[in-house]
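Only one structure is covered here, and it is reproduced in the block below.
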Amino acid sequence: MLELLQRLFGREEADKSKNVAKERLRLVLVQDRCSISPHILESLKEDMIGVISKYLEIDEKGLEVNLSNEDNYLALVASIPILRMKRTYAEEK
Amino acid sequence: MGEVIVITSGKGGVGKTTTVANIGTSLAKEGYSVVLVDTDIGLRNLDVVLGLENRIVYDIVDVTNGHCRLKQALIRDKRFESLYLLPAAQTKDKTAVTTEQMKELCQNLKEEFDYVIIDCPAGIEQGFKNAIAGAERAIVVTTPEVAAVRDADRVIGLLEAAGLKEPDLIINRIRPDMVKQGNMMDIDDIIDILTVNLIGVVPEDEMIVISTNKGEPAVLDPRSNAGEAYRNIAKRITGEDIPIMPLEVNEGIMALFKRLIGRKK
Ligand SMILES: Nc1ncnc2c1ncn2[C@@H]1O[C@H](COP(=O)(O)OP(=O)(O)O)[C@@H](O)[C@H]1O
Ligand SMILES: [Mg+2]
């Protein structure tokens with residue numbers, strides 16, 4: 001009886017429209033916030049090349065850096081082709 | 001030297017103008033000298049909310065163009081001697097004022113007033129850029145809806161990029177009964193998402209409509225819940241430490257019924 005009344009008058013957590021609103025808001029903000037200006041992305045790339053080149057010889061032209069929005073979270077995805085390990089770094093124990 | 005505060009939101013119709021009129025009136029009532037600047041050029045309405053629409057002679061564009069002196073364009077409020085309005089121009093467009101002119105205007109105003117409160121137009125284009133140009137502090141208004149919170153998030157990003165760090169948030173038009181039923185996002189939901197400082201919560205209140213009809217801000221009506229919320233926000237702006245009270249919940253018949261059932265168990 002109580003259950004019936006609860007089903008009539010209250011709804012399950014998940015159907016509450018505020019939870020729907022929250023989830024939709026979260027998703028839309030993940031997308032909004034992941035837009036990064038091409039200018040900033042470019043300077044991020046340059047800095048990354050600078051840092052990584054200290055340790056590895058990389059193919060700068062083949063480097064790809066992007067923001068990706070997978071499974072509702074935001075990630076910085078970089079694909080960096082390595083040409084060669086730096087000898088000095090390999091030698092150091 | 002006063003402080004320049006911009007009230008902004010991104011989305012239109014969430015209560016910026018209502019907020020400016022009420023906070024401004026409340027600050028003046030507390031004895032501060034206040035000027036309210038309507039930057040919604042082409043869609044002037046702060047004058048109407050304050051009941052000052054019949055007194056306008058010059059407007060903000062007349063000032064920035066040098067057609068009149070700043071003092072000539074300021075309209076004194078009917079009720080408070082220390083409250084003034086600088087109205088928007090109705091027939092010009094938003095490009096009639098530049099950000100440089102706005103900065104200079106704000107600089108001049110804050111030499112004369114304790115608080116310079118700027119009513120920002122909707123959107124994030126030139127009108128928004130002008131409104132924030134001379135501000136030192138920003139208050140973002142939102143309502144508990146997906147679109148309004150989304151726009152608030154965007155605006156917070158733009159404010160921070162423009163050097164207005166850590167804006168405060170007002171959540172307007174909360175309906176405690178709907179929050180209780182789970183049909184409206186509540187304060188914590190919104191704060192979790194936006195991660196900003198909350199400076200006040202204003203309930204949905206019919207008195208706002210009535211007070212707007214009359215041109216008398218709700219803060220002047222002791223019976224208005226929204227008016228009380230705005231009075232508290234004004235005090236927080238001046239640095240008073242007033243805790244944000246849990247909303248008085250007008251439960252509604254359904255919630256009451258559920259509670260009764262719960263008790264029998
Ligand atoms: N707390 C409230 N309760 C009821 N009505 C409100 C409330 N806040 C604003 N309103 C109404 O919402 C409408 C839009 O408000 P306004 O202040 O003009 O928004 P904006 O300046 O952001 O466009 C107005 O009709 C106003 O009276
Ligand atoms: Mg407005």
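Residue numbers begin at 1 in each chain, while the letters A, B, ... track the order of the sequences.
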### Under-4.0 Å salt bridge between D189(B) and K22(A)
yes

### Message
Looking at T142(B) and A148(B), would you say the former's side chain and the latter's main chain have a donor-acceptor pair under 3.5 Å?
### Response
yes

### Query
Do you know which of M185(B), E145(B), M178(B), R150(B) has the most heavy-atom pairs with chain A at a distance under 4.5 angstrom?
R150(B)

### Contact origin within M184(B) toward chain A - heavy atom pairs under 4.5 Å
backbone

### Task
Output yes when E204(B) and R173(B) qualify as a salt bridge under the 4.0 Å nitrogen-oxygen rule, no when they do not.
yes

### Summary
Scored by heavy-atom pairs under 4.5 Å with chain A, the best of D153(B), V149(B), V146(B) is D153(B)

### Message
Tell me whether E57(A) is salt-bridged to R84(A), with the criterion being a basic N under 4.0 Å from an acidic carboxylate O.
### Response
yes

### Query
Where on R154(B) is there a heavy atom nearer than 4.5 Å to chain A: the side chain, the backbone, both, or neither?
neither

